[in-house]
Amino acid sequence: GKYIVTASWDNTARIWDAKTGKPVAGPLKHNDDVRSAVFSPDGKFVVTASKDETARIWDANTGKLVTEPLKHKDYVLSAVFSPDGKYIVTASEDSTACVWDANTGKPVTEPLKHENSVYSAVFSPDGKFVVTASSDRTARVWEAKRGKPVTEPMKHENGVWSAVFSPDGKFVVTASSGNTARVWDAVSGEPVTEPLRHNSWVYSALFSPDGKFVVTASKDGTARLWPFPPLQELIDKYHKDPENDWSLTPEEKEEYSLE
């Protein structure tokens, strides 16, 4: 938590001292807007994603490029490191995501192809898989080192803004401009809950660190917290095994006469 990295429309990313607010290195220069900038897990590197159709890997101490630019054929919307810091996955408006070797800047697999812009791509907690979210109305899970799809496309009625894994890697939650978020089985690609509904686009959805809740953020002006598994499923489990509290609060147990 000693440093902060920012991404800007002034074509740069910058690294700052979190205590003093003074720049530490950089600026890290692109040729167009920088859409995202994140540290590696060990804090030694930064990866940036830009509208100049590249992602770039930088030494966080010196602000120097570590590899040649990671090139796409259209805007790069996001770039993140794998949990072990050895790989990077990028998402681009060229309808692909790509997995790269963080040391060499070379692609590890063939591009992970969608039929339209890929808005986000992230690794699973163990780094073995990647989930992508696309404006082609789908999210997909892929083998990170082989680039092969694991599931059938997880389909929404409208574009999918984001997709992330649960902390245990068993589930994926997606956020869509169809006013819903959905939770899916990461192996089968099948939905495991009813849609989590808002009154407008859902821009993001995340699991809590313990995996027991999903939080969603929407254009309707609200964020919402949803129990996972859903409350009715927890109640059913409680009736079958009351010795286990199933993450139900005392208030919920009282409301549903479970005490």
Side-chain angles (χ1 to χ4, degrees), residues 30-32 34-38 40-41 45-58 65-156 158-166 169-176 184-190:
H30 279 265
N31 298 317
D32 208 332
V34 180
R35 300 297 299 267
S36 74
V38 298
S40 59
F45 302 96
V46 166
V47 64
T48 52
S50 172
K51 287 174 65 177
D52 70 6
E53 303 183 1
T54 71
R56 305 189 185 200
I57 307 168
W58 313 80
L65 279 171
V66 176
T67 70
E68 290 295 311
L70 317 181
K71 294 181 179 180
H72 277 267
K73 296 178 180 178
D74 207 332
Y75 300 167
V76 183
L77 301 178
S78 72
V80 297
F81 285 92
S82 59
D84 62 8
K86 293 181 179 180
Y87 302 96
I88 287 166
V89 65
T90 52
S92 172
E93 289 200 357
D94 68 6
S95 304
T96 71
C98 289
V99 180
W100 312 80
D101 186 296
N103 290 320
T104 66
K106 302 297 183 183
V108 175
T109 69
E110 292 295 312
L112 315 181
K113 294 181 180 179
H114 279 264
E115 295 179 5
N116 212 326
S117 300
V118 181
Y119 290 138
S120 76
V122 298
F123 288 95
S124 59
D126 62 8
K128 293 181 180 179
F129 302 97
V130 165
V131 63
T132 52
S134 172
S135 61
D136 71 4
R137 304 181 182 184
T138 72
R140 299 200 74 167
V141 178
W142 313 78
E143 292 182 39
K145 293 182 181 179
R146 297 179 61 213
K148 303 296 184 183
V150 175
T151 65
E152 292 297 311
M154 295 174 277
K155 296 180 180 179
H156 278 264
N158 296 85
V160 184
W161 292 108
S162 72
V164 297
F165 287 95
S166 59
K170 294 180 179 179
F171 302 98
V172 167
V173 63
T174 52
S176 167
W184 312 78
D185 186 293
V187 175
S188 71
E190 295 295 323

| Where do V187 and T151 come nearest, in terms of heavy atoms and distance? | O-CG2, 3.3 Å
| Taking all non-hydrogen atoms of both residues, which atom of V118 and which atom of L77 are closest, and how far apart? | O-CD1, 3.5 Å
| remark: Residues R56 and L65: closest non-hydrogen pair is CB-CD2, 3.7 Å
| Which of these, V89, T90, T109, V108, sits in a side-chain contact (heavy atoms from CB on, under 4.5 Å) with C98? | T90
| note | Interatomic distance, NZ@K145 vs NZ@K86, rounded to 0.5 Å, equals 7.0 Å
| task | Evaluate whether atom NZ of K51 has more than 12 neighbouring non-hydrogen atoms of other residues, nucleotides or ligands under 6.0 angstrom away. | result | yes
| Parallel, tilted or perpendicular: rings of W100 and H72 (30°, 60°) | perpendicular
| T174 and H156: side chain to side chain donor-acceptor pair (under 3.5 Å), yes or no, with the steps? | CA-CA 9 Å; T174 52; H156 278 264; 2.7 Å; yes
| task | Carefully, step by step, assess F129 and E143 under the rule side-chain contact (heavy atoms from CB on, under 4.5 Å). | result | CA-CA 5 Å; F129 302 97; E143 292 182 39; 4.3 Å; yes
| message | Has D136 got a side-chain atom pairing as donor or acceptor with E115's backbone, closer than 3.5 angstrom? | response | yes
| task | Without swapping roles, check the side chain of S134 against the backbone of T138 for a donor-acceptor pair under 3.5 Å. | result | no
| request: Evaluate the criterion side-chain contact (heavy atoms from CB on, under 4.5 Å) for residue pair N158 and S176; output intermediate values, then yes/no. | output: CA-CA 6 Å; N158 296 85; S176 167; 4.1 Å; yes
| request: Please check if the side chain of D32 supplies one atom and the backbone of D52 the other of a donor-acceptor pair under 3.5 Å. | output: no
| message | Please give me the minimum heavy-atom distance between Y75 and S92, naming the atom from each residue. | response | O-OG, 2.8 Å
| message | Donor-acceptor check, side chain of S40 to backbone of V46, threshold 3.5 angstrom: yes or no? | response | no
| request: Check for a donor-acceptor pair, side chain of S135 on one end and backbone N or O of S117 on the other, with a separation under 3.5 Å. | output: yes
| request: Please assess F123 against F81 for the test side-chain contact (heavy atoms from CB on, under 4.5 Å), listing each intermediate value before the final yes or no. | output: CA-CA 8 Å; F123 288 95; F81 285 92; 6.0 Å; no
| query | Shortest non-hydrogen contact from I88 to A79? | reply | CG2-CB, 4.4 Å
